[in-house]
Protein chains: 2
Amino acid sequence: MTPNPVVVEVSRGDRVESFHRGAVVVVDTRGVILHKIGDAERPIYPRSAVKPLQALPLVASGAADRLGLSLAEIAIACGSHAGTAHHLSVVDGMLRKAGSTPSQLECGTHRPFHEASSRDLDARGMPATPLHNNCSGKHAGFLCVARALDVDPTGYTEPDHPVMRDVAAALAATTRASHDAGNRGTDGCSVPTFAIPLSAVATGFARLGTGTDLSDSLAHAAARIREAVTAHPEMVAGSGRFDTLVNAAGGGAILCKCGAEGTGAAALPTLGLGLAVKIDDGASRAVEVVMATILGSLLRGTSEVVTVLDGLADQTLQNWRGTVIGRVQAAHHVGRTL
Amino acid sequence: MTPNPVVVEVSRGDRVESFHRGAVVVVDTRGVILHKIGDAERPIYPRSAVKPLQALPLVASGAADRLGLSLAEIAIACGSHAGTAHHLSVVDGMLRKAGSTPSQLECGTHRPFHEASSRDLDARGMPATPLHNNCSGKHAGFLCVARALDVDPTGYTEPDHPVMRDVAAALAATTRASHDAGNRGTDGCSVPTFAIPLSAVATGFARLGTGTDLSDSLAHAAARIREAVTAHPEMVAGSGRFDTLVNAAGGGAILCKCGAEGTGAAALPTLGLGLAVKIDDGASRAVEVVMATILGSLLRGTSEVVTVLDGLADQTLQNWRGTVIGRVQAAHHVGRTL
């Protein structure tokens with residue numbers, strides 16, 4: 001296996017201290033590769049980067065219309081939220097519309113990503129609940145789909161449950177990659193995650209951004225998801241976090257989502273492109289810098305979002321006294337050939 | 001630059017999801033390389049992995065004897081502690097012996113690594129202080145050295161301060177690598193960190209473990225540091241953390257210390273060996289697994305510590321519901337050729 005190139009360098013003083021290898025691919029809506037770094041065909045688990053694709057059945061099943069979901073509710077179904085009170089109230093509203101309760105969430109529990117919310121729990125002596133799980137919006141969406149399909153929601157995270165079958169079908173339809181027992185792992189929130197080529201992830205996002213080559217139902221759902229994420233970027237991550245900053249700045253020109261283990265994907269609807277990134281070692285700091293660098297290169301000259309992206313593409317490192325002692329930046333070749 | 005080999009694989013289901021490349025080197029007390037993986041000569045910042053070497057002047061300067069430091073106090077000067085009440089009381093005691101106050105610590109402030117201690121601060125509405133910084137024991141040691149040298153402690157973190165000059169001299173004497181402005185960066189706690197070959201880090205630890213080829217003063221200091229870490233492994237990290245588990249289990253057969261950005265080093269006094277590891281991408285999860293694997297291979301058949309090391313060398317990954325969904329393990333070749 002040929003090593004992927006170095007895509008991010010972490011420097012301290014004038015030396016590179018650590019570095020990250022990975023793969024990057026940009027495709028058009030037919031899946032034709034326009035730009036790539038490293039191996040774009042090696043199967044990778046896209047993890048939460050494909051949440052916007054996993055959310056397609058929420059609209060396509062009719063659940064969003066039948067249950068009267070708001071755009072904020074659709075957006076949080078695409079998100080890895082920070083567990084703030086605002087996020088929790090949106091998820092709770094979805095559960096009520098689905099006739100469900102937090103105890104039916106099968107995502108498991110972790111403390112809120114949002115530090116102040118986490119400390120507030122401690123100050124009140126309260127434990128974290130499944131509502132705080134960053135995936136609870138996605139899971140509330142799955143419970144809405146179960147309601148629309150009129151099926152027992154119990155075990156909705158199992159691969160053979162009608163909800164998960166719909167989700168796998170939407171992933172397969174957009175990415176054109178097989179999603180079955182042969183490439184299935186289990187994600188942190190207990191739903192299946194399927195190992196597919198990075199180019200297929202990018203193709204799924206190119207189609208999410210344009211509706212090209214999708215059924216009318218999925219194309220309609222893709223448009224609603226773009227509308228939702230553009231209107232409510234704060235539901236996709238949270239204040240100051242990468243996906244929220246980029247989607248907010250993008251104003252519809254970007255639909256971006258990162259996931260665990262160094263995964264990231266984006267649709268560029270106005271350009272008809274899809275982007276996907278996998279950092280070999282799984283580092284979040286690296287995928288964010290690469291995504292910002294590539295998105296900035298693709299949109300340069302076309303959008304004011306570039307100022308925000310340039311800031312995210314060059315992160316300074318400070319020591320505990322606040323002195324700048326290093327940087328995290330894309331390697332010189334990344335984004336230069338676009 | 002030839003890529004270093006993959007040394008750790010992170011699997012999900014039956015697939016490798018992410019992987020870490022890096023370098024490993026084992027040397028004898030003369031610095032002769034007995035085993036290596038990857039590039040052992042590329043300069044790396046050893047960061048906190050060399051804290052036990054940075055602590056040598058605390059004993060060699062006479063400070064430990066003159067101020068009546070306990071073994072626990074010498075051990076925490078070698079440590080990256082968790083910020084528990086116990087750790088803070090030990091650091092506070094050192095400061096009092098040095099005639100210093102917490103406000104003289106130049107390490108900066110971060111929240112305690114120990115979660116319950118961090119939550120306890122919130123419950124009491126208290127901010128973190130420089131005492132909570134994982135490096136405050138090392139810095140309290142530096143203030144003790146300043147006292148013993150009878151110099152103004154202000155600016156003790158600056159490269160030209162007499163304390164830092166003593167520390168750089170001890171690093172140079174043990175590793176036989178140059179430590180000057182040409183290879184100097186700034187560590188997270190504001191003291192210099194010097195980029196040196198990984199083999200030099202390993203050599204420094206082989207000598208720390210045996211005293212070989214050191215001055216009488218440094219050899220004496222090395223013996224006291226080994227005694228301190230063996231007697232008080234909980235001061236080197238904290239309950240349940242890697243360095244504490246390994247040093248406790250080692251019972252004097254290992255003196256191990258990991259640092260930021262995927263660095264780790266160990267002395268094996270009974271075997272007369274030194275070990276150093278650098279993970280290219282800086283991942284902590286990877287350096288711990290590699291250190292445990294190599295130490296287990298080196299000590300197999302000689303010590304009961306191997307049971308602990310084998311457990312640390314094979315980490316299971318659970319999802320938020322507690323289901324095992326993957327593992328973190330050394331690549332097959334690591335440790336096989338020892």
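What you see is a predicted model; the values in this text were computed from it and never measured. Chain letters run A, B, ... following the sequence lines, proteins first, then strands; residues in each count from 1.
In this structure, no portion of Pro130(B) lies under 4.5 Å from any heavy atom of chain A. Only the side chain of Thr157(A) comes within contact range of chain B, judged by heavy atoms closer than 4.5 Å. With a 4.5 angstrom heavy-atom cutoff, Arg21(B) touches chain A only via side-chain atoms. Heavy atoms closer than 4.5 Å to chain A are found nowhere in Thr263(B), neither backbone nor side chain. For Arg285(A), the part lying under 4.5 angstrom from a heavy atom of chain B is the side chain only.
Here Thr186(B) is the residue among Thr109(B), Val8(B), Thr186(B), Thr193(B) with the most heavy-atom pairs under 4.5 Å with chain A. Contacts with chain B were tallied for Ile279(A), Asp187(A), Val10(A), Ile44(A); Asp187(A) has the most, counting heavy-atom pairs under 4.5 Å. No other option in Gly125(B), Gly13(B), Gly185(B), Cys107(B) has as many heavy-atom pairs under 4.5 Å with chain A as Cys107(B). Of the listed residues Gly282(B), Gly188(B), Gly108(B), the one with more heavy-atom pairs under 4.5 angstrom with chain A than any other is Gly188(B). Across Cys135(B), Ser190(B), Ala195(B), Ala286(B), the residue that shares the most heavy-atom pairs under 4.5 angstrom with chain A is Ser190(B).
The stretch residues 317-325 of chain B places Asn319(B), Trp320(B), Arg321(B), Ile325(B) near chain A, each with some heavy atom under 4.5 Å from a heavy atom of that chain. Near-neighbour residues of residues 115-124 of chain B relative to chain A, defined by a heavy atom under 4.5 Å from a heavy atom of that chain, comprise Glu115(B), Arg119(B), Asp122(B).
Take Gln315(B) and apply the side chain to side chain contact (heavy atoms under 4.5 Å, CB included) test, not counting sequence neighbours, and it matches Val289(B), Leu312(B), Val328(B). Listed by chain and number, the residues in a ring pair (Phe, Tyr, Trp, His ring centres under 6.0 Å) with His179(B) are Phe194(B) (sequence neighbours excluded).
Counting heavy atoms from C-beta on, the side chains of Asp280(A) and Phe19(B) come closer than 4.5 Å.
Of all heavy-atom pairs between Pro3(B) and Pro3(A), the closest is CG-CG, 3.8 Å. The two atoms that bring Arg15(A) and Gly182(B) nearest to each other are NH2-O, 3.3 Å, heavy atoms only.
When atom types are taken as modelled, the side chain of Arg12(A) and the backbone of Tyr45(B) share no donor-acceptor pair closer than 3.5 angstrom.
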